[in-house]
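Computed from a predicted model, the values in this text were never measured in an experiment. The analysis underlying the following values was restricted to heavy atoms, covering all of them including side chains, and did not include hydrogens, waters or symmetry mates. Convention: sequence-line order gives letters A, B, ...; per-chain numbering from 1.
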2 protein chains.
Amino acid sequence: MVAGMLSRRHVNPTRSGRPRSAAADTAILLATRAALVELGWSKLSMGDVAARAGVAKTTLYRRWASKNELVVDAVAVIFDEIEIHDRGSLTADIEGVVLQFAALLDRPETKTALMAVVAESTRDDALRDRIRTAIVDRQKGLVLKGRERAQARGELAYESDPGTAARNADLIFDVIAGAVVHRTLVSAEAVDEDWARGFTMLLVGGLAAIQGS
Amino acid sequence: MVAGMLSRRHVNPTRSGRPRSAAADTAILLATRAALVELGWSKLSMGDVAARAGVAKTTLYRRWASKNELVVDAVAVIFDEIEIHDRGSLTADIEGVVLQFAALLDRPETKTALMAVVAESTRDDALRDRIRTAIVDRQKGLVLKGRERAQARGELAYESDPGTAARNADLIFDVIAGAVVHRTLVSAEAVDEDWARGFTMLLVGGLAAIQGS
DNA sequence: GTCTTTCGCTACGGATCGTAGCGTAACCGC
DNA sequence: GCGGTTACGCTACGATCCGTAGCGAAAGAC
């Protein structure tokens, strides 16, 4: 489990004594997400989370050093839900990922938490690293997998230079995730199938242009 | 001035008595940006801002109801700096806007504040409206202007249906702003000229594909 | 059974919030 | 000038939340 893995920082390496309650971990993370939905980020208090989870506030601080890290772990799990299925074509694959990602961002706890954590990460390097490993890197894998499939189908050319290949993957990742996030959170409009279709058309058309160069 | 305009909500409509100090307005907004750079969002306190601005804390609360609204106003001004100059081609215009936007997001106060405010806006409709009018709508104008120029040059076709025209403009806006923001804040990598060139190539290529449909 | 660690609980100092009350300062109309 | 009106700075306050410390009890490891 991701959250457990990440929260084990302050744990004693020697395996003796009373073990930590795994149930408490999941209860805390669940309570955190629930509290985010109801209260939002700024009004979320550690005491409230502890009360909801049915644990003592001190237990909470024994596992997470700050509110930021707690929220990152609480939200990271959600992003594991996205999977890239082979739908037969690059266009269909992209549309699928876009809609899945949009569905995730449609949940109140996700949108609130993700943006709040990103905001804090602009001033906290450790937090940014945590976000990178817990969320971003894993999602970038989806782009790589989708490209692989498209190349196997002959829809995309194999990039000869590994440098440009990596740069293109990063670019595509930022365009997809960025556009969906911006549409959902800043423009505050729905990512429906029509939008996904239009966006995918734009992206696939652009990919052809990039490959030509 | 935008900030002043927006902060006049609680002011008495009758024009009598001692007027509000315009200097205090600018001093407060300046202090807010400075505090954001040094402290970040979560550790920003109203008392600290007041002290930096050389005003009483009560004065601050007389003008802004919450920390959120204050920060929106403090940051909104920055986004007015972006202008879209005619650089002769659609590609050059887009690259210019991308680099300007990236330069803005490179400032510590902008990245921190923008994301924090967006995060809060996911739970606060009034705040979202404020963001929309203060920041988003104005930027969307840049897209419209750029398209107009490209159409005049013959680089883009005139959309016959006003509905699709509006949808396309929104799409392009979300793609540009979203990709730049995501690259800068989530991926945490620089938007340099190389990246801008690659992104623009992708976008312009995609636009051609969209127009064909 | 003993040892070790976590647990829940209570209590605490410190910081910040947002508001109220007061006397003073600045501008308006007469 | 001179009341009327509003903004200002200042102080003080209750309320809330933070993060930590100290305690006895519980739960496994050996």
Rounded to whole Å, NZ of A/K43 lies from P of C/dC17 at a distance of 14 Å
- Message: I'd like to know if A/R18 reaches the base of C/dT5 with its side chain such that a donor and an acceptor end up less than 3.5 angstrom apart.
- Response: no
To the nearest 0.5 Å, atom CD of B/E95 lies from atom CG of B/L203 at 11.0 Å
Here the distance between atom P of C/dG18 and atom CG of B/L70, to the nearest Å, is 11 Å
Ignoring backbone atoms, test whether B/T58 places a side-chain nitrogen or oxygen under 4.0 Å from the OP1 or OP2 oxygen of D/dG9. no
When rounded to whole Å, the CD1 to P distance for the pair A/I28 and C/dT6 reads 13 Å
ask   = Do A/K57 and C/dG8 share a donor-acceptor pair, side chain to base, under 3.5 Å?
value = no
Rounded to whole Å, the CZ-P distance (B/R20 to D/dG9) equals 12 Å
So that I can tick it off, tell me whether A/R107 and A/E81 are bridged by a salt bridge, with the cut-off set at under 4.0 angstrom between side-chain N and carboxylate O.
yes
Sorted by position of nearest nucleotide on DNA chain D, 5' first, the leading residue of A/D48 and B/G54 is B/G54
Bend of the helix from C/dG1-D/dC30 to C/dC30-D/dG1 from end-axis comparison, five pairs per end, nearest 10°, comes to 30°
When you check the phosphate oxygens OP1 and OP2 of D/dG9, does a side-chain N or O of B/T59 lie under 4.0 Å from one of them?
yes
- Query: With sugar-phosphate meaning primed atoms plus P, OP1 and OP2, does A/L44 contact a base, only sugar-phosphate, or nothing at under 4.0 Å between heavy atoms?
  - Reply: sugar-phosphate
When rounded to whole Å, the CG to C1' distance for the pair B/L60 and D/dC10 reads 15 Å
When rounded to whole Å, the CG to P distance for the pair A/D25 and C/dT6 reads 12 Å
Note to self: Students often mix this up, so state it plainly: with edges at 30° and 60°, are the rings of B/F173 and A/H182 parallel, tilted or perpendicular?
What the structure shows: perpendicular
Under a 4.0 Å threshold between the charged nitrogen and the carboxylate oxygen, would A/D170 count as salt-bridged to A/R167? no
- Please state whether the base of D/dG9 and the side chain of B/R62 form at least one donor-acceptor pair under 3.5 Å? yes
To the nearest angstrom, the CE-P distance between A/M46 and D/dC18 comes to 7 Å
Determine whether a donor-acceptor pair (N or O, by modelled atom type, separation under 3.5 Å) exists between the side chain of B/R147 and the backbone of B/A165.
yes
Atom CZ of A/R63 and atom C1' of C/dT6 are separated, to the nearest Å, by 8 Å
Taking C/dC17, D/dG9, C/dC27 as options, the one with an atom nearest any side-chain atom of B/P19 is C/dC27
Between A/L156 and the options A/I210, A/L90, A/N168, A/V204, the side chain to side chain contact (heavy atoms under 4.5 Å, CB included) test singles out A/L90
Does the distance from a Lys or Arg side-chain N to an Asp or Glu carboxylate O, for A/E38 and A/R52, drop under 4.0 Å? yes
